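Input: a single structure, listed below in structure tokens.
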Protein chains: 2
Amino acid sequence: MTAQPFPVSEIVAAQRPHRKDAARNYDALITAAREAFAEHGAEASLEDIARRAGVGIGTLYRNFPTRRHLFESVYAGEVNDLCRVAGQVADREPWEALTSWLHRFVDYTVTKRAIREAMDDESDIFLACRESMYQAGGPLFERAQKAGAARTDLNFDDLLRMVAGITATNFLDDAQRDRVLGVALDGVRTPAV
Amino acid sequence: MTAQPFPVSEIVAAQRPHRKDAARNYDALITAAREAFAEHGAEASLEDIARRAGVGIGTLYRNFPTRRHLFESVYAGEVNDLCRVAGQVADREPWEALTSWLHRFVDYTVTKRAIREAMDDESDIFLACRESMYQAGGPLFERAQKAGAARTDLNFDDLLRMVAGITATNFLDDAQRDRVLGVALDGVRTPAV
DNA sequence: GTTGAAGCGGAGGTCTGCCTCCGTTACAGT
DNA sequence: ACTGTAACGGAGGCAGACCTCCGCTTCAAC
């Protein structure tokens, strides 16, 4: 267990309750919510989530006073994971490191359908998520730019939103999503002179 | 008024009722629904749409027995408009024609938030919409490919979904959306040899 | 102008989700 | 083992959306 330098990681750790049964329920709720959000988007029924988790609706509300709290916790968990992945690819070639991280982003993120909304949210947690993503992915992008592999007339926010858009889109299959992401990323590449 | 060769155009024309008051209400409902879908996505409240249109909920249901019927009609109207635009750009340079049509797509479409779902729907009307989009935009793409301006290792469906993804994404402003779309389309361009 | 049919609208029944409240249960510190 | 407290869970009240039904209105054909 290494140190977690990202703002979001503290938030993630601080939420989980101490008592044994409470912690178990908390985990079950996060898991169930991840599934439900993946299937139905951020509007998934909270009572359904509680049912899936095998806990009462009251327990859900005690842990997460609002729908937003719950969604934030799920999303923050995913962002936290992705930030750690960014460290793991740092030793590769600049362009390879960047694109493999972005591919991971679209494949891993299960809250796909709700990402667009999260991009514009100004609450503390979403700000921390974005801040963490910048800290984790920004250096990969800058390194690719400095290496002459990525064009310099767009910024990291542009790139992240482009990838988020592709992430949130339905494709016929994973092969098509990969193909399309590859094409879009080719546009980010510095054109051959 | 020229002939409309697209499958969707017949559908659009056939829906509108004959009687004067009925036609007026129909138009008001389509307009109100366009607004509501733009604001709240495809799950917008039907009672709210009827209120905006200034008609009773019963009138809404008589014209559109289900939410799907209403959404299909709004969407088909937009597709119909876009298909006509495709004819208007056909005299430009191949690459210019294609990209200006696609920019028009992201700017004009007001049902942005619901497009992703429409891409995968198998109902008659959505099939007709997609068929029409292929008839209208496919030739622009093929012409760009034949002219050596667009790469040949992706198909028109790939392209449309990529653009739809960017369309449905929230950006900070229109300039960012345009910038990102431009970058993604650069990826579609044949790389300089 | 008459008249029949097409169209109108909204009251109201139903369903589903949200959220609170409180009697019961299970944990953990002593 | 005991016990205070934190956590549990689901009944139930509330809100809002869906959709039907039917008495009233408006159109347009004659």
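Below, read A as the first sequence line, B as the second, and so on, with proteins coming before strands; counting in each chain starts at 1. Predicted model, so just to flag it, every value in this text is computed and none were measured.
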Donor + acceptor pair across side chains of B:His69, B:Thr66 (<3.5 Å): yes
Report task. Classify the side chain of A:Arg62 and the base of D:dA7 as holding, or not holding, a donor-acceptor pair under 3.5 Å. Result -> no
Confirm from the modelled atom types if B:Arg19 and C:dA6 form a donor-acceptor pair under 3.5 Å, side chain to base only. yes
Practice prompt. Pick base, sugar-phosphate or nothing for B:Leu46, based on heavy-atom distances below 4.0 Å to the nucleic acid.
Written response: sugar-phosphate
Any side-chain N or O of [X] less than 4.0 Å from the OP1 or OP2 oxygen of [N]?
{"X": "B:Thr59", "N": "C:dG9", "result": "yes"}
{"X": "B:Asn25", "N": "C:dC8", "result": "yes"}
{"X": "A:Ser45", "N": "C:dT16", "result": "no"}

Suppose we call two aromatic rings close when their centres sit under 6.0 Å apart. Are A:Phe37 and A:Tyr75 close by that rule? no
Please find out if less than 6.0 Å separates the ring center of B:Phe64 from that of B:Tyr26. yes
Separation of C:dC18 atom C1' from A:Arg68 atom CZ, nearest Å, is 16 Å
Taken to the nearest whole Å, NE2/A:His40 to P/C:dC18 is 12 Å
For the residue pair B:Met162 and B:Leu185, establish whether any side-chain heavy-atom pair is separated by less than 4.5 Å. yes
### Query
Is the charged tip of A:Arg34 near the ring of A:Tyr108: under 6.0 Å from the six-membered ring centre and within 45° of its axis?
yes
Checking D:dA7, C:dC19, D:dC27 against the side chain of A:Asp21 (C-beta onward), the nearest is D:dA7
Picking from D:dA28, C:dC19, C:dG9, the nucleotide nearest the side-chain atoms of B:Lys20 would be D:dA28
Bend of the helix from C:dG1-D:dC30 to C:dT30-D:dA1 from end-axis comparison, five pairs per end, nearest 10°, comes to 30°
message = Test your reading of the model: is there a side-chain donor-acceptor pair from A:Thr109 to the backbone of A:Phe105, 3.5 Å cut-off?
response = yes
